[in-house]
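Worksheet for the structure shown next.
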There are 2 protein chains.
Amino acid sequence: MTTEVPTRREAPTLEAVAAEAGVSRSTVSRVVNGSVHVSPDVVLAVNAAIERLNYIPNRAARSLANRRTMAIALVVPEDAQRFFGDPFFSEIMQGITNVIEDSDYVLNLQLARPTAPSAKTIRYLLGGNVDGAIVVSHHSGDEFFTTLDSTIPVVFGGRPFHPDAHGNSFVDVDNEAAGALGTQHLIDLGRRRIATISGPSNMQAALDRHTGWRRALEDAGLDASLVATGDFTMAGGAAAMRELLDREPALDGVFVASDLMATGAISVLRSRGRRVPEDVAVVGFDDSPAATSGEVGITTVHQPSRQMGTEMARMLLDLLDGVPTERERVLPTRLVIRDSA
Amino acid sequence: MTTEVPTRREAPTLEAVAAEAGVSRSTVSRVVNGSVHVSPDVVLAVNAAIERLNYIPNRAARSLANRRTMAIALVVPEDAQRFFGDPFFSEIMQGITNVIEDSDYVLNLQLARPTAPSAKTIRYLLGGNVDGAIVVSHHSGDEFFTTLDSTIPVVFGGRPFHPDAHGNSFVDVDNEAAGALGTQHLIDLGRRRIATISGPSNMQAALDRHTGWRRALEDAGLDASLVATGDFTMAGGAAAMRELLDREPALDGVFVASDLMATGAISVLRSRGRRVPEDVAVVGFDDSPAATSGEVGITTVHQPSRQMGTEMARMLLDLLDGVPTERERVLPTRLVIRDSA
DNA sequence: CTGAAAGCGCTTACAG
DNA sequence: CTGAAAGCGCTTACAG
């Protein structure tokens with residue numbers, strides 16, 4: 001069975017509507033754009049014509065004339081695997097979507113290459129396809145994104161890796177304090193050999209949580225050398241946990257920089273005969289669905305992922321509308337106690 | 001801290017490049033578009049000018065002039081919850097992305113309202129924002145999408161609910177045969193009280209799998225009345241399983257229309273003291289990561305989700321390029337035996 | 001309140 | 001191979 005290109009009908013233009021309604025193109029344009037300076041009966045006549053012809057304005061022509069695309073890019077420099085694998089993104093995206101849906105903008109998700117955006121991504125962002133961008137999950141090496149805001153407004157999810165002089169807008173939590181918070185809970189539980197599974201070192205949030213862990217241990221006079229790096233995936237968390245157990249079989253606590261990694265870590269602990277939390281207490285991060293999906297509920301540092309999404313979207317809309325806004329918004333975290341610690 | 005709109009630099013135009021290179025706009029355009037009818041030295045000069053000015057063609061102007069947006073919509077009429085929750089979508093999307101990435105098109109994901117697209121979605125699709133669309137997870141009530149192809153080329157993931165006379169393009173598996181295949185396995189295992197947990201009745205794939213289940217049972221002279229409907233989520237699968245057990249405590253086999261639902265069903269079976277597969281054998285559908293994520297590996301009907309994605313993308317690209325293509329592509333399924341049956 | 005006209009930044013026959 | 005000119009479908013001052 002081969003193709004037989006269906007005859008696409010020609011879309012009606014502003015011109016056609018004007019003829020149909022017996023007015024000028026300017027007037028139709030005004031009606032379409034909701035200008036107040038049009039007499040009521042003309043509005044009626046034009047809308048009727050629009051209805052009859054099933055007119056939908058051509059986006060390209062509109063954008064060319066008024067320099068607005070009414071589109072926003074959601075840039076996620078992660079491969080699809082990780083994007084879909086970590087519920088954190090789902091939460092963030094729902095927050096963003098909820099706000100954008102109620103606006104006149106459409107949201108265009110762009111999964112970008114981690115570490116260095118492709119020429120295609122750059123051309124997309126710079127070629128007038130979108131009016132603004134939200135960048136989530138930023139890595140070092142993604143410096144392009146921090147310069148992007150000289151061309152279009154940008155809001156980051158999480159303080160960008162190298163905040164440049166301009167000062168990029170962002171929504172974040174205090175990851176260092178949050179890391180300390182989770183770690184302190186382990187200390188308060190009486191744990192003394194406390195390890196951490198950190199996120200990739202090219203991400204600011206990972207570095208900050210790691211620093212928080214170290215600070216809490218040092219403040220308590222405990223050793224802060226048990227570090228393994230994961231990649232924010234379940235498998236990465238498992239691998240890191242194995243490494244830690246090999247180095248220090250007697251560890252009794254671990255602060256893990258994401259719930260998804262904690263899931264992997266806990267299954268390794270159990271398969272190696274450690275009881276959680278009795279033998280090893282585990283504190284995660286995010287309070288994402290991953291924290292409650294397994295058999296043992298994960299005690300974790302909650303960050304308001306969905307709210308971060310809505311704040312990012314609101315901030316960008318304000319920027320686009322020229323409404324004065326805060327450029328940095330730091331949301332609170334809190335400890336959520338479940339079974340694992 | 002309030003906003004201080006960074007001064008956005010004016011993007012250089014074709015005009016500027018022409019001036020810089022000392023040629024006409026037409027010539028610059030030809031170079032940008034890779035026309036062969038340009039002398040080598042002029043190409044060099046123009047490219048140098050482009051480089052110097054950091055020129056990126058304006059998408060709106062380009063689209064208006066040549067009536068191509070170089071963008072494709074991936075329309076998924078599901079809420080974010082389900083989109084992110086079911087690994088099936090992740091697989092499909094990876095298949096699509098892989099193909100589109102290597103093309104000149106960008107992919108714009110549009111989560112649409114299930115059952116009836118919003119005015120915004122319709123205007124987006126009809127307003128010249130994209131050159132074509134891929135529609136995945138189609139429901140009855142989404143009839144708009146089946147008429148869309150009179151305006152732009154469309155490829156469906158899964159035979160659309162009401163294939164109209166035009167004949168929409170689609171990539172699918174033979175869901176009915178696949179449903180029978182999975183059910184037959186339960187019959188061959190000697191099971192005699194075989195239930196099904198089907199998908200929502202407003203989805204063609206769900207109906208077809210259900211029909212396959214019924215056909216297999218009837219061909220074997222078995223009762224085909226144990227039906228519960230799920231919604232393709234884990235929780236929905238669990239609820240359906242409870243319902244079935246209440247109605248028929250003695251059931252010994254169940255064909256579930258998705259692995260994710262099977263996951264929920266199995267946990268209910270176990271919590272009600274049924275051993276899987278000894279007491280109740282379970283066959284799932286998809287062979288998605290959900291089939292292997294739990295404690296008991298799920299025996300399932302494999303459908304090549306990722307390949308379906310790549311085929312859909314290729315088909316659409318062919319349609320866009322005017323290359324003759326099959327309009328219907330049905331990929332093979334097979335049974336994958338694990339622990340649950 | 002309404003229309004004529006210029007302009008947005010490209011592409012593309014049409015000549016040469 | 002190259003350029004002048006028209007045109008893509010809108011918006012938006014500018015007059016009236």
Side-chain angles (χ1 to χ4, degrees), chain A residues 8-47 49-50 53-71 104 123-124 126-131 151, chain B residues 8-47 49-50 53-71 104 123 126-129 131 151:
Chain A
R8 324 266 170 216
R9 65 159 192 278
E10 290 293 307
T13 66
L14 233 207
E15 182 86 51
V17 176
E20 173 83 9
V23 297
S24 73
R25 297 179 338 193
S26 321
T27 298
V28 176
S29 178
R30 287 190 192 97
V31 172
V32 167
N33 292 294
S35 163
V36 281
H37 307 296
V38 187
S39 69
D41 39 318
V42 172
V43 171
L44 250 37
V46 171
N47 279 330
I50 288 175
L53 299 182
N54 236 300
Y55 170 68
I56 293 177
N58 177 284
R59 171 47 57 201
R62 236 172 161 175
S63 296
L64 183 56
N66 71 3
R67 306 166 150 280
R68 306 183 62 182
T69 65
M70 300 315 284
D104 291 329
R123 291 173 72 84
Y124 178 77
L126 257 27
N129 290 279
V130 293
D131 294 336
T151 308
Chain B
R8 323 265 171 215
R9 66 157 192 279
E10 291 294 307
T13 66
L14 233 206
E15 182 86 52
V17 176
E20 173 83 11
V23 296
S24 73
R25 294 177 343 189
S26 322
T27 298
V28 176
S29 177
R30 288 191 190 96
V31 172
V32 167
N33 292 296
S35 163
V36 281
H37 307 296
V38 187
S39 70
D41 38 319
V42 171
V43 171
L44 250 38
V46 171
N47 279 330
I50 288 175
L53 299 182
N54 235 300
Y55 171 69
I56 293 178
N58 177 285
R59 171 46 59 201
R62 237 173 159 172
S63 295
L64 182 57
N66 70 4
R67 303 162 153 284
R68 307 183 62 181
T69 66
M70 302 313 285
D104 290 330
R123 291 172 70 84
L126 256 28
N129 291 277
D131 294 336
T151 308

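All chains are named by letter (A, B, ...) in the order of the sequence lines, taking the proteins before the strands, and each is independently numbered beginning at 1. None of the values given here were measured: they were computed from a predicted structure. Only this structure's heavy atoms are used, side chains among them; waters, hydrogens and symmetry mates stay out.
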Rounding to an integer number of Å, can you tell me how far [X] [atom1] sits from [N] [atom2]?
X: Ile50(B); N: dC10(C); atom1: CD1; atom2: P; answer: 10 Å
X: Leu64(B); N: dC8(C); atom1: CG; atom2: P; answer: 13 Å
X: Glu10(B); N: dC8(C); atom1: CD; atom2: P; answer: 11 Å
X: Asn58(B); N: dT11(C); atom1: CG; atom2: C1'; answer: 13 Å
X: Glu15(A); N: dG3(C); atom1: CD; atom2: C1'; answer: 13 Å
X: Arg62(A); N: dT11(D); atom1: CZ; atom2: P; answer: 5 Å
X: Asn129(B); N: dC10(D); atom1: CG; atom2: C1'; answer: 14 Å
X: Met70(B); N: dT11(C); atom1: CE; atom2: P; answer: 12 Å

Within the structure, does a side-chain N or O atom of [X] lie under 4.0 Å from either OP1 or OP2 of [N]?
X: Thr13(A); N: dC8(D); value: no
X: Ser24(A); N: dA4(C); value: no
X: Asn66(B); N: dC8(D); value: no
X: Asn33(B); N: dT11(C); value: yes
X: Arg67(B); N: dG9(D); value: yes

Candidates [options] - which lies nearest the side chain of [X]:
X: Val42(A); options: dG9(C), dC10(D), dT2(C); answer: dT2(C)
X: Val23(B); options: dT2(C), dG3(D), dT11(D); answer: dG3(D)
X: Thr27(B); options: dT2(D), dC8(D), dT11(D); answer: dT2(D)
X: Arg25(B); options: dC10(D), dC1(C), dC10(C); answer: dC10(C)

*asked:* Once side-chain hydrogen bond (donor to acceptor under 3.5 Å, both in side chains) is applied, do any residues pair with Arg68(A), and if so which ones, sequence neighbours excluded?
replied: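 Result, side-chain hydrogen bond (donor to acceptor under 3.5 Å, both in side chains) vs Arg68(A): Tyr105(A).
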Next item on the list: Please list, chain by chain and in numerical order, all residues satisfying side-chain hydrogen bond (donor to acceptor under 3.5 Å, both in side chains) with Asn54(B), sequence neighbours excluded.
Entry: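 Partners of Asn54(B) by the side-chain hydrogen bond (donor to acceptor under 3.5 Å, both in side chains) criterion come out as none, since no residue qualifies.
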Arg62(A) side chain reached by Asn33(A) side chain, heavy atoms, under 4.5 Å =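 They are in contact (side-chain heavy atoms under 4.5 Å apart), so the answer is yes.
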Next on the checklist: Does any part of the side chain of Met70(A), heavy atoms only, come nearer than 4.5 Å to the side chain of Ser63(A), both counted from C-beta?
Outcome noted: no
Each base of DNA chain C marked ( ) or [ ] if paired in-strand (Watson-Crick or G-U under 3.5 Å), | if paired to another strand and . if unpaired gives |||.||||||||.|||
Mind listing the closest non-hydrogen atom pair of [X] and [Y] along with its distance?
X: Ile56(A); Y: Arg123(B); answer: CG2-O, 4.0 Å
X: Thr69(A); Y: Asp131(A); answer: N-OD1, 2.7 Å
X: Ser29(B); Y: Leu14(B); answer: N-CD2, 3.9 Å

Those residues at least two apart in sequence (or on a different chain) that pass side-chain contact (heavy atoms from CB on, under 4.5 Å) with Arg30(A) are Ser26(A), Thr27(A), Ser35(A), Val38(A)
Applying side-chain contact (heavy atoms from CB on, under 4.5 Å) to Ala18(A) and not counting sequence neighbours gives Arg25(A), Val28(A)
Within the structure shown, what part of the strands sits under 4.0 Å from Ser29(B) by heavy-atom distance: base, sugar-phosphate, or nothing? base
Checking all strands, does Val32(B) fall into the base, sugar-phosphate, or nothing category for heavy-atom contacts under 4.0 angstrom?
->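 No contact at all - Val32(B) keeps every heavy atom at 4.0 Å or more from the nucleic acid.
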ask   = Judged by modelled atom types alone, do Asn58(B) and Arg67(A) share a side-chain donor-acceptor pair under 3.5 Å?
value =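 Not at all, the side chains of Asn58(B) and Arg67(A) share no donor-acceptor pair under 3.5 Å.
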Quick one: which protein N/O atoms are closer than 3.5 Å to N/O atoms of nucleotides 13-16 of chain C? Pair and distance per line, please.
residue, atom, partner, partner atom, Å
dA13(C), N6, Arg30(B), NH2, 3.4

